[in-house]
There are 2 protein chains.
Amino acid sequence: MTTQNVQTAPRMKAAERRELILEAATAVFGANSYVGTTTDEVARAAGVSQPYVVRLFGTKAKLYIAVIERAYERIISEFSRVLPGPPDERLKRMGAAYAGLLSERGMLPVIANSTALGGDPEIGPVARDGFNGIWRFVRDEAGFSEEETREFMAGGMLINAIVGLRLVGAYGTEKSVTEVLDACFPDAVARVRELMPQVGEPW
Amino acid sequence: MTTQNVQTAPRMKAAERRELILEAATAVFGANSYVGTTTDEVARAAGVSQPYVVRLFGTKAKLYIAVIERAYERIISEFSRVLPGPPDERLKRMGAAYAGLLSERGMLPVIANSTALGGDPEIGPVARDGFNGIWRFVRDEAGFSEEETREFMAGGMLINAIVGLRLVGAYGTEKSVTEVLDACFPDAVARVRELMPQVGEPW
DNA sequence: CTGAGTTGTTATCGAATGATTACTTGGAGA
DNA sequence: TCTCCAAGTAATCATTCGATAACAACTCAG
């Protein structure tokens with residue numbers, strides 16, 4: 001007995017622990033970018049030791065790859081969920097679904113950051129695959145026109161920028177910000193407003 | 001005489017050297033992001049020693065701030081340049097002008113990266129100012145409608161993502177990529193195609 | 001011509017970080 | 001019950017990076 005469970009994390013199957021770490025890593029990578037994040041921060045956020053994170057994923061880059069793969073899958077999954085329904089409101093639903101992912105910490109920032117890492121030989125291909133996957137889904141599965149697809153993707157990138165810049169802190173005080181947020185996606189903006197992190201928040 | 005000019009960089013007024021370093025720093029920060037860039041890389045790219053870079057700008061963060069301020073000024077300057085002319089083609093000209101900045105190394109990637117740093121207490125405010133500045137210019141100086149402004153900014157963010165992902169390497173082979181590039185900005189895409197860095201290029 | 005301020009360097013430090021090694025402990029199956 | 005694999009940790013290492021300090025040489029005003 002005694003079960004001196006003072007220091008060590010409660011036992012868990014590796015797959016389950018992996019998922020926990022991926023969730024924590026998404027939040028931390030999202031807050032600090034890829035290069036700006038230490039494996040130790042991820043480990044502490046997940047409640048395990050730093051060497052264990054490295055051992056489970058092999059390397060920091062491989063961990064990050066797992067994180068963005070999971071994030072892109074998550075987006076496709078949300079889009080699929082809101083696909084059924086009135087076709088004329090499909091774009092609004094998908095925009096709101098994307099903005100809704102703000103509630104899952106780091107999800108959108110990680111996506112945004114991945115679009116800047118195309119030059120990395122390891123991460124680049126994964127990021128391109130993820131981006132292309134969303135693009136194809138929007139066009140083929142959701143049935144958007146070429147023009148609609150471009151606009152939808154561009155709108156998503158704009159949301160990423162707004163989130164990354166923490167622009168919502170200025171909502172209401174800065175006219176141009178208010179403008180963009182209201183115009184961005186008809187239904188998305190409400191979600192963005194309620195979910196977006198403020199300036200200086202650790203998030 | 002003798003002027004043993006073996007190691008030390010040729011003398012230059014500090015202001016001139018500052019500009020040289022800013023240009024080099026834009027390229028390096030653009031290629032590797034803020035956190036991923038060392039002051040030593042910047043120094044070597046500029047042909048001076050690392051401590052001198054630090055001394056000229058005080059700190060790495062201040063150097064980066066000078067870089068993005070310069071980049072945002074550069075964008076405004078280009079937009080101003082193409083402002084005169086037929087109003088119905090103003091949007092096309094400005095889109096092409098933005099894409100044309102691809103020829104100045106690191107300019108667009110630096111802008112893209114700055115939109116992810118809103119959470120930084122030092123850099124965040126500068127990035128927000130720059131973004132808001134462009135926004136206001138597009139709406140007030142260029143006279144775009146609210147809707148046009150949003151679409152223009154969103155298109156710019158999409159270009160940033162395409163560049164960051166090195167998507168152009170797949171142009172012609174990947175159907176969806178071809179689609180977006182052609183649809184993005186009528187005249188911008190030609191410039192993007194000829195100027196965009198390929199996958200794996202140091203750029 | 002000279003000397004003082006500016007331009008620039010070399011040497012070096014302390015902290016941080018990703019990774020490796022060797023060790024411990026819990027728990028499921030024979 | 002016993003044992004062996006999986007889960008997890010502590011200790012530690014080699015690098016890297018931003019910053020500081022001390023020093024050297026060019027140049028221009030008087």
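No hydrogens, no waters, no symmetry mates; every other heavy atom, side chains included, goes into these values. Throughout, protein chains are lettered first and strands after them, A, B, ... in sequence-line order, and every chain is numbered starting at 1.
Taking atom NZ on Lys13(A) and atom C1' on dG27(C), their separation rounds to 13 Å, with Å as the unit. Atom CG in Leu63(A) sits about 12 Å away from atom C1' in dG18(C), given to the nearest Å. Atom NZ of Lys62(A) and atom C1' of dA19(C) are 13 Å apart (whole Å). The CZ-C1' distance, from Phe57(B) to dA19(D), rounds to 16 Å in whole Å. If you take CZ of Arg18(B) and P of dG8(C), they are 13 Å apart, rounded to a whole angstrom. Going from atom CZ of Arg44(A) over to atom C1' of dT17(C) covers 12 Å, rounded to whole Å. Regarding Tyr52(B), its OH atom lies at a distance of 15 Å from the P atom of dC26(D), rounded to whole Å. One interatomic measurement links the two molecules: CD of Glu16(B) to C1' of dG8(C), which rounds to 15 Å at whole-angstrom precision.
With DNA chain D read from its 5' end, the first of the two nearest nucleotides for Arg55(A) and Gly58(B) is the one closest to Arg55(A).
At a threshold of 4.0 Å, the pair Glu147(A)-Arg150(A) counts as salt-bridged, since one of the basic side-chain nitrogens sits closer than that to a carboxylate oxygen. Using a 4.0 Å cut-off between charged side-chain N and carboxylate O, Glu78(B) and Arg81(B) make a salt bridge.
The phosphate of dA7(D) (OP1 or OP2) has no side-chain N or O of Arg17(A) nearer than 4.0 angstrom.
Overall, the helix from dC1(C)-dG30(D) to dA30(C)-dT1(D) carries an axis bend of 0° between its ends, with five pairs at each end and the value rounded to 10°.
The listed nucleotides are dG8(D), dT9(D), dG8(C); the one nearest the side chain of Arg11(A) is dG8(D).
For Glu148(B), the side-chain contact (heavy atoms from CB on, under 4.5 Å) criterion is met by Phe144(B), Ser145(B), not counting sequence neighbours. Residues meeting the side-chain contact (heavy atoms from CB on, under 4.5 Å) test with Leu83(A), sequence neighbours left out: Arg90(A), Met94(A), Phe137(A), Ala142(A). Annotation: salt bridge (charged side-chain N to carboxylate O under 4.0 Å, His left out) contacts of Glu19(A) (sequence neighbours excluded): Arg70(A). By the ring-ring contact (aromatic ring centres under 6.0 Å, His included) test, Phe57(B) pairs with no residue at all, sequence neighbours left out.
Between the side chain of Arg139(B) and the main chain of Glu146(B), no donor-acceptor pair closer than 3.5 Å is present.
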Report all interatomic pairs (protein N or O, nucleotide N or O of nucleotides 14-18 of chain D) with separations under 3.5 Å.
residue, atom, partner, partner atom, Å
dG18(D), OP1, Thr37(B), O, 3.2
dG18(D), OP1, Lys60(B), NZ, 3.0
dG18(D), OP2, Thr39(B), N, 2.8
dG18(D), OP2, Thr39(B), OG1, 3.1

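Phe79(B) and Tyr98(B) have tilted rings, their planes meeting at an angle from 30° to 60° on a 0 to 90° scale.
Relative to the ring axis of Tyr34(A), Lys60(A) places its NZ or CZ within 45° and under 6.0 Å from the centre.
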